[in-house]
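Both ligands and their constituent atoms are indexed starting at 1 by order of listing.
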Amino acid sequence: MKDIAKLAVFGGQPAFAETLHVGSPNIGDRAQLMARIETMLDRRRLTNRGPYVEELEQRLAAFLGVKHCITMCNGTVALEIAIRALGLTGEVIVPSMTFIATPHALQWQEITPVFCDIDPQTMTIDPAQVRRMITPKTSGILGVHLWGRVCNTEALQEIAGEHQLALLFDAAHAFGCSRNGRMVGNFGDAEVFSFHATKFFNTFEGGAVATNNDELAARMRLMQNFGFSGLDNVIYIGTNGKMNEVSAAMGLTGLESLDEFMAVNYQHYLQYERELADIPGIALFRFEPGEQYNYQYIAVEVDANRCGLSRDAFVEILHAENVRARRYFYPGCHRMEPYRSYFPNAGMLLPATERAVERFMLLPTGTAMDSQSISRLCGLIRFIAENGSRIHVNLLHRTQEAQLEAVSIAAKPKKKITRTPRVS
Ligand code: T4K
């Protein structure tokens, strides 16, 4: 592409005929999945701790090297159950740089999420800031392994120990990741996974809690099944958090292809790293060597001062080209309801979060992407960044034209709008 007027945002043909998605599901061996579903139908066991759920839990626990892995109907309910089983109350310290499910799982139970800033290098909760947020009402810390980058678990464990706080991790992004050679699933009191369709390992909808604590595991098992102990004996308050058999069948099938999913993601990551190198104002979020990662999120930081375009303008241009880049996690949980009403000034304590939510965009990866599409996408990003200032002027021009048209339709122009000359 040599002419910015040919960008789809200015009326040109989109670069991709089919939409490229962040979160397009990885699907394992279809024949295996269908065979498992046939067996499930034959035995008429569809849910309530069927054989697939039992098998999946054993396989997950073995893979993670953890004593207990309790599957759940989704990651959000898994978080809610873990929070309740840990007996959290009052306030829990949590990053705002996360999916809204993390604070909602607390607020849903009338526990106040106290938003804490992130370390801008790792994008995970900053232990130094955590210390500052502790009050007499604090009952726990809920860290998030954002985009698969594992929190500083040692520092958080130390703080939790000093203040006798529970330590829980939202590991929705970190299935298959490690820290200091130890698999995620083994840190804190418990760790919560999401196996939603958009995660690199999925069970359609689903999740799990991993823990090495026998008593906590027993409590969560009761809670996820209405508190039933035996056929008609309820000994605890509970809910319905159970994974069903068809989801477990998908999980078992996905586990058999896990190495392939990881290898594909890693190759895509390396390709993005190579092909996005030296583009002005574009920086890939990198992972430190020596650990295991799932590379399921390709996060790219846009520096408007260097490429002339804001992250939002970039995302708009890519959407027009049929690339559904995502602004995870704009605008930050503290700027979403009900939290923005509860804590209108929370942002003042979250400078690194406020910066990150304005600058990052996520790009497609996974088995639905191929290296040719990544090359074309990286070429497109290079072209946009290298022509950022000129594109910016034309976007302004386009907005002004739209305003002028709106004004002329209303036939009552209220203010004069001066045109910016178009650049080609
Ligand atoms: N904690 C964290 C840190 C999380 O990120 C999440 C979930 C949770 C907790 C809660 O876990 P769950 O209760 O969800 O198990 C998506 C997912 O729905 C959500 O699971 C995920 N995080 C979040 C990061 O992403 P949206 O609102 O962005 O979803 P949506 O529908 O816009 O899908 C994203 C893209 O994926 C779209 O462009 C389309 C594509 N897609 C989606 C689905 C469902 C497909 O191509 N096929 C599909 O089947 O939240």
Side-chain angles (χ1 to χ4, degrees), residues 16 18-28 70-83 92 94-108 113 115-116 118 123-125 142-151 168-175 177 184 190-210 224 239-244 246-248 250-251 254 294 296-299 315 318-319 321-333 336 353 356-357 360-369 373 377:
F16 296 92
E18 287 194 12
T19 307
L20 307 183
H21 289 287
V22 171
S24 189
N26 287 331
I27 293 163
I70 305 157
T71 55
M72 301 273 182
C73 56
N74 60 55
T76 306
V77 169
L79 273 171
E80 287 167 8
I81 289 177
I83 287 164
V92 170
V94 63
S96 171
M97 184 67 185
T98 181
F99 189 57
I100 195 65
T102 321
H104 272 3
L106 293 163
Q107 190 67 51
W108 192 252
F115 292 119
C116 182
I118 47 167
M123 306 296 284
T124 57
I125 196 164
L142 172 44
V144 178
H145 305 312
L146 197 85
W147 303 332
R149 183 73 180 256
V150 183
C151 294
L168 178 63
F169 289 103
D170 178 337
H173 298 181
F175 182 69
C177 301
V184 167
E191 302 206 67
V192 175
F193 297 106
S194 164
F195 303 146
H196 182 260
T198 55
K199 300 293 181 282
F200 95 107
F201 166 74
N202 84 83
T203 59
F204 304 125
E205 287 272 5
V209 186
Q224 74 151 190
T239 183
N240 183 353
K242 291 169 277 124
M243 179 179 276
N244 65 59
V246 78
S247 288
M250 181 68 168
N294 57 36
Q296 72 176 320
Y297 290 107
I298 298 289
V315 167
L318 289 178
H319 280 198
E321 303 291 347
N322 276 339
V323 180
R324 303 291 296 174
R326 295 300 296 262
R327 301 186 296 177
Y328 290 147
F329 288 102
Y330 178 82
C333 297
M336 290 178 170
T353 303
V357 297
F360 276 92
M361 61 179 180
L362 280 92
L363 300 178
T365 186
T367 52
M369 280 295 276
S373 304
L377 175 54

- [ ] Report the residues that fulfil side chain to side chain donor-acceptor pair (under 3.5 Å) with Asn202, sequence neighbours left out, ordered by chain and then residue number.
- [x]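 In terms of side chain to side chain donor-acceptor pair (under 3.5 Å), with neighbours along the sequence ignored, Asn202 is linked to no residue.
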Open item on the list: Just to verify, what does Thr71 make a side chain to side chain donor-acceptor pair (under 3.5 Å) with, not counting sequence neighbours?
Closed with: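 Thr71 satisfies side chain to side chain donor-acceptor pair (under 3.5 Å) with Glu57 once adjacent residues are dropped.
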Task: Interatomic spacing from CE in Met361 to CD1 in Ile298 - rounded to 0.5 Å - done: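 So the gap between those two atoms works out to 12.0 Å.
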Atom pairs and distances, ligand 1 N/O vs protein N/O under 3.5 Å:
from     : atom 1 : to     : atom 2 : distance (Å)
ligand 1 : 1 (N)  : Asp170 : OD1    : 3.3
ligand 1 : 1 (N)  : Asp170 : OD2    : 2.6
ligand 1 : 5 (O)  : His173 : NE2    : 2.7
ligand 1 : 11 (O) : Ser194 : OG     : 3.4
ligand 1 : 13 (O) : Gly75  : N      : 3.3
ligand 1 : 13 (O) : Thr76  : N      : 2.9
ligand 1 : 13 (O) : Thr76  : OG1    : 2.6
ligand 1 : 15 (O) : Gly75  : N      : 2.9
ligand 1 : 15 (O) : Ser194 : OG     : 2.7
ligand 1 : 18 (O) : His196 : NE2    : 3.4
ligand 1 : 20 (O) : His196 : ND1    : 3.3
ligand 1 : 22 (N) : Lys199 : NZ     : 2.9
ligand 1 : 25 (O) : Tyr328 : OH     : 3.3
ligand 1 : 28 (O) : Arg326 : NH1    : 3.4
ligand 1 : 28 (O) : Arg326 : NH2    : 3.1
ligand 1 : 28 (O) : Tyr328 : OH     : 2.5
ligand 1 : 32 (O) : Arg326 : NH1    : 2.7
ligand 1 : 36 (O) : Val22  : O      : 2.8
ligand 1 : 38 (O) : His21  : ND1    : 2.9

Task: Residue pair Val22 / Tyr328: nearest heavy atoms and the distance that separates them - done: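 Looking at all heavy atoms of both residues, the closest pair is CG1-CE1, 4.1 Å.
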Open item on the list: I need the minimum non-hydrogen distance between His173 and Gln296, along with the two atoms involved.
Closed with: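 Closest approach of His173 to Gln296: O-NE2, 3.0 Å.
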TODO: Please identify each residue that fulfils ring-ring contact (aromatic ring centres under 6.0 Å, His included) with Phe195, with sequence neighbours left out.
DONE: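 In terms of ring-ring contact (aromatic ring centres under 6.0 Å, His included), with neighbours along the sequence ignored, Phe195 is linked to Phe175, Phe201.
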